[in-house]
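Below: the structure, in structure tokens.
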Amino acid sequence: MELDEDELRDHFAHNPYKIEIIDDKLEDGDGSTIYRQGDWYDLCLGPHVPNTATLMHVRLTSVSTAYWRGDQDREQLVRIYGLVEPSKEALKATLARLEEAKKRDHRKLGKELRLFHVDEEVGQGLILWTPRGAVIRQELQDFISHHLRRQGYSQVFTPNIGKLDLYRTSGHFPYYQDSQYPPLVERDLMKRLSDEGCTCGELSNMMSAGDIEGYLLKPMNCPHHVKIYASQARSYRDLPLRLAEFGTVYRWEQSGEISGMTRVRGFTQDDAHLFVTEDQIAQEVLGCIELVQIIFGTLGMDDYRVRVGLRDPDSTKYVGDPARWDKAEQACRDAAESLGVAWTEEPGEAAFYGPKIDFVVKDVIGREWQLGTVQVDYNLPERFDLTYKGSDGEMHRPVMIHRAPFGSMERFVGVLIEHFAGMFPTWLSPTQVHMLTISEKHAAYAAELAADLREAGVRVQVDDSDDTIGKKLRTHRKMRPAYLLILGESEVEGRTVTYLGPDREEHKGVPFGDFKAQLLAEIADRA
RNA sequence: GCCAACGUAGCUUAGCUGGUAGAGCACCUGAUUCGUAAUCAGGAGGUCGGGGGUUCGAGUCCCCCCGUUGGCUCCA
């Protein structure tokens with residue numbers, strides 16, 4: 001029903017929150033609508049369902065709090081979450097689906113499949129890659145390195161820390177102090193300041209002001225790569241210069257935000273920085289996007305969305321000249337357009353130094369994560385006064401492209417665990433072949449085949465314990481290897497194998513040579 | 001960081017209103033050599049997340065800290 005402002009104020013006089021909404025949202029003299037359900041009514045622009053009879057099947061799922069109007073400085077109100085389905089069956093189905101999704105949670109699978117570990121004593125959000133998880137990461141790194149060589153990248157290595165001055169120049173410090181680990185200060189300096197009675201606050205101020213020097217755990221790899229670019233005179237013939245590194249960075253994420261492998265405090269980006277001329281931007285951005293698409297295609301990740309992150313016109317957190325921002329934003333739009341897939345523009349999603357094209361995927365509980373990213377940056381080259389000599393003999397300013405097709409190894413593998421529900425394709429499988437012997441009489445045959453496959457680079461595990469074959473199958477299925485081999489009397493005699501493949505279909509009495517050839521081909525193809 | 005819930009062996013977990021830790025799996029030992037989702041028997045393993053307090057007595061109650069989970073906020 002429609003009410004005018006006075007009526008609204010009257011109805012909601014008892015509720016300061018509603019009055020605040022009326023104060024803020026309504027132009028003087030305007031009315032608004034309320035919706036009624038029995039004796040209960042509330043302010044809402046609508047529309048609502050016409051009849052709550054269609055909402056009979058409800059399950060409340062969780063209770064939490066939210067900041068009033070999303071403002072961290074304001075009070076928190078209770079928020080209740082629930083599901084509604086048109087029928088009892090549909091509600092049951094939805095709840096079952098959510099249960100299934102929970103089983104794929106990478107935190108649960110990561111523990112069950114022994115892929116990674118986070119230790120309280122090491123620190124929140126710091127991932128320990130256990131042997132099986134490390135295999136996956138290494139395979140992914142090899143995979144991407146292969147494509148980097150194809151695309152003309154140069155590998156570099158840089159240290160994990162850099163001087164505060166470096167980050168003052170880049171703009172990371174002190175502006176983004178809140179999301180960095182505190183700086184490291186040299187021992188002698190620390191002692192002197194302490195002798196002088198310097199307080200923590202004073203120390204912090206002196207660092208911000210540049211009065212004292214220290215080191216920072218790197219929050220990003222770009223400043224180091226910039227310095228490699230700047231280490232020698234560059235000409236247009238050197239461009240594009242593509243510097244790649246699996247670089248580990250550290251960020252002080254808020255404790256409440258840390259989650260599994262997807263939101264952590266230390267992570268390794270499959271990072272690269274491309275130094276290009278203005279004319280090369282479009283082509284190079286395209287090359288980056290192509291790489292992202294190759295990766296997503298190989299892994300069968302087709303459920304993602306593309307986001308062009310632009311600056312929020314109302315925010316002051318961005319560095320650099322608005323004219324350059326406009327140019328860079330247009331370059332991103334053009335690149336996204338040429339992708340041929342749906343994309344959205346999102347103000348406020350840009351990096352602080354430039355706009356970006358992000359590839360965003362959802363995890364099992366529906367949270368979105370940014371994975372691959374391509375960012376156009378006019379600002380860092382300016383801040384570091386980077387130049388190259390053009391064909392016209394004049395000095396020019398290069399443009400930088402930051403890109404990371406996986407985003408970070410941690411987040412990517414976390415999402416990948418959920419994507420594959422722990423059942424990795426053969427080339428990524430931590431243990432590709434598990435050999436199970438029927439009895440100890442077949443152990444020698446298993447050992448021989450295992451040695452043969454290992455020689456060919458296959459990751460093999462042999463179970464010749466005295467458990468029954470039923471028990472072994474049960475145990476080993478849980479680890480989700482690509483292949484489960486069953487070796488008994490008939491296999492030994494015929495020099496064959498019986499196996500359950502990735503689809504868990506049984507293949508009996510396959511000649512070992514045939515099995516091996518097919519396995520190796522599958523691994524080589526990353527099928 | 002904020003709010004809430006939770007934290008018992010490697011994993012999953014029992015333990016009512018405070019009476020002094022119990023199980024399954026995994027592990028170790030022995031027996032068994034067994035062809036498709038748990039062979040049998042025995043054994044070892046816990047300062048109940050950490051610290052303080054109340055009490056004759058704390059896994060159970062109170063406080064502080066650490067961590068996890070769900071949201072919020074944030075996310076270069």
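Chain A is the first sequence line, chain B the second, and so forth, proteins listed ahead of strands; every chain is numbered from 1.
Nearest to the side chain of A/Lys111, among B/U12, B/C66, B/G35, sits B/U12. Of the candidates B/G1, B/U39, B/G35, the closest approach to any side-chain atom of A/Ser490 belongs to B/G35. If you check B/U33, B/G1, B/G70 against the side chain of A/Gln72, the one that comes closest is B/G1. Of the candidates B/U36, B/U69, B/C74, the closest approach to any side-chain atom of A/Ile486 belongs to B/U36. With distances taken from any side-chain atom of A/Ile438 to the nucleotides B/U33, B/A26, B/G35, the minimum falls on B/G35. Nearest to the side-chain atoms of A/Glu491 among the listed nucleotides B/G70, B/U12, B/G35 stands B/G35. Nearest nucleotide to the side chain of A/Asp466, out of B/G35, B/U32, B/C74: B/U32. The side chain of A/Asp467 sits closest to B/U39 out of B/U39, B/U36, B/U33.
Residue A/Arg367 is the one, among A/Arg367 and A/Ala351, whose nearest nucleotide of RNA chain B lies closer to the 5' end (criterion: closest heavy atom). Residues A/Trp369 and A/Ser255 both approach RNA chain B. Their nearest nucleotides, taken by heavy-atom distance, put A/Ser255 toward the 5′ side.
You'll find a donor-acceptor pair under 3.5 Å spanning the side chain of A/Arg263 and the base of B/C75, going by distance alone. One cannot find a donor-acceptor pair under 3.5 Å joining the base of B/G71 and the side-chain atoms of A/Tyr67. Taking only distance into account, the side chain of A/Gln124 never meets the base of B/U68 through a donor-acceptor pair shorter than 3.5 Å. Applying the 3.5 Å distance criterion, the base of B/G49 shares no donor-acceptor pair with the side chain of A/Glu121. Donor-acceptor pairing under 3.5 Å, judged by distance alone, is absent between the side chain of A/Arg474 and the base of B/C25.
Between the CG atom of A/Leu109 and the C1' atom of B/U12 there is a distance of 15 Å, rounded to whole Å. At whole-Å resolution of the value, CG in A/Leu473 and C1' in B/G35 are 9 Å apart. Between the C1' atom of B/A26 and the CG atom of A/Leu113 lies a distance of 15 Å, rounded to the nearest Å. Across the protein-nucleic acid pair, A/Glu112 atom CD and B/G10 atom P stand 17 Å apart, rounded to whole Å. Separating the CZ atom of A/Arg107 from the P atom of B/C11 is a distance of 16 Å, rounded to the nearest angstrom. In this structure, the CD atom of A/Gln180 is 13 Å from the C1' atom of B/C75, given to the nearest Å. Distance, A/Leu436 CG to B/U36 P: 13 Å, rounded to whole Å. Protein atom CD of A/Gln269 is 13 Å distant from nucleotide atom C1' of B/C75, rounded to whole Å.
A ring-centre distance under 6.0 Å is found for A/Tyr181 and A/Trp252. In summary, the aromatic rings of A/Tyr167 and A/Phe173 are positioned with their centroids too far apart to meet the 6.0 Å limit. For A/Phe515 and A/His507, the ring centers are positioned 6.0 Å apart or more.
For the P atoms, the distance from B/C11 to B/A26 is 15 Å, rounded to whole Å. Comparing B/G30 with B/U36, their P atoms are spaced 27 Å from each other, to the whole Å. Distance check on atom C1': B/G50 versus B/G7 gives 12 Å, rounded to whole Å. Atom C1' of B/G71 sits at a distance of 34 Å from the matching atom of B/G24, rounded to the whole Å. Look at the C1' atom in both B/U17 and B/C40: the space between them is 43 Å, to the nearest Å. Between the P atoms of B/A5 and B/U12, the separation comes to 22 Å (whole Å). Only the C1' atoms considered, B/G67 is 22 Å distant from B/G53, to the nearest whole Å. When the C1' atom is compared between B/U20 and B/A38, the two are found 36 Å apart, to the nearest whole Å.
In this structure, B/C48 makes no Watson-Crick or G-U wobble pair, since no nucleotide meets both defining distances under 3.5 angstrom. The partner of B/A37 is absent, by the rule that a Watson-Crick or G-U pair needs both atom distances under 3.5 Å. In a base pair of the Watson-Crick type (N1 to N3 plus N6-O4 or O6-N4) or a G-U wobble (N1-O2 and O6-N3), with each distance short of 3.5 Å, B/G42 is matched with B/C28. Pair assignment for B/U55: none, as no Watson-Crick or G-U wobble contacts are both less than 3.5 Å. When Watson-Crick and G-U wobble pairs are counted only if both distances are under 3.5 Å, B/G22 pairs with B/U13. Across all strands shown, B/G1 is found opposite B/C72 as a Watson-Crick or G-U wobble partner, with both distances under 3.5 Å. Pairing for B/C6 is with B/G67, a Watson-Crick or G-U wobble pair whose two hydrogen-bonding atom distances lie under 3.5 Å.
Within 4.0 Å (heavy atoms only), A/Gly488 reaches at least one base atom of the nucleic acid. Across all strands shown, A/Gln177 has no heavy atoms under 4.0 Å from either base or sugar-phosphate atoms. A/Lys441 comes within contact range of the sugar-phosphate backbone alone, with a heavy-atom separation under 4.0 Å but no base atom that close. Looking at heavy-atom distances under 4.0 Å, A/Lys218 makes no contact with the nucleic acid at all. Using a 4.0 Å heavy-atom distance criterion, A/Thr475 is classed as making no nucleic acid contact.
Taking a cutoff of 4.0 Å between a charged side-chain nitrogen and a carboxylate oxygen, A/Glu213 and A/Lys163 do not qualify as a salt bridge.
For the residue pair A/Pro223 and A/Phe384, the shortest heavy atom distance occurs at CB-CZ, 4.3 Å.
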Item checked: Evaluation steps, side chain to side chain donor-acceptor pair (under 3.5 Å), between A/Glu368 and A/Tyr304 -> CA-CA 10 Å; A/Glu368 286 200 321; A/Tyr304 62 86; over 6 Å; no
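A sub-4.0 Å separation between OP1 or OP2 of B/U69 and a side-chain N or O of A/Lys108 is absent.
At a cut-off of 3.5 Å, with distance as the only test, a side-chain donor of A/Thr158 or A/Glu245 sits close to an acceptor on the other residue. Counting only N and O atoms by type, the side chains of A/Asp514 and A/Gln518 include no donor and acceptor under 3.5 Å apart.
When side chains are defined from C-beta on, A/His273 does not count as touching A/Ile401, because their heavy atoms never get closer than 4.5 Å.
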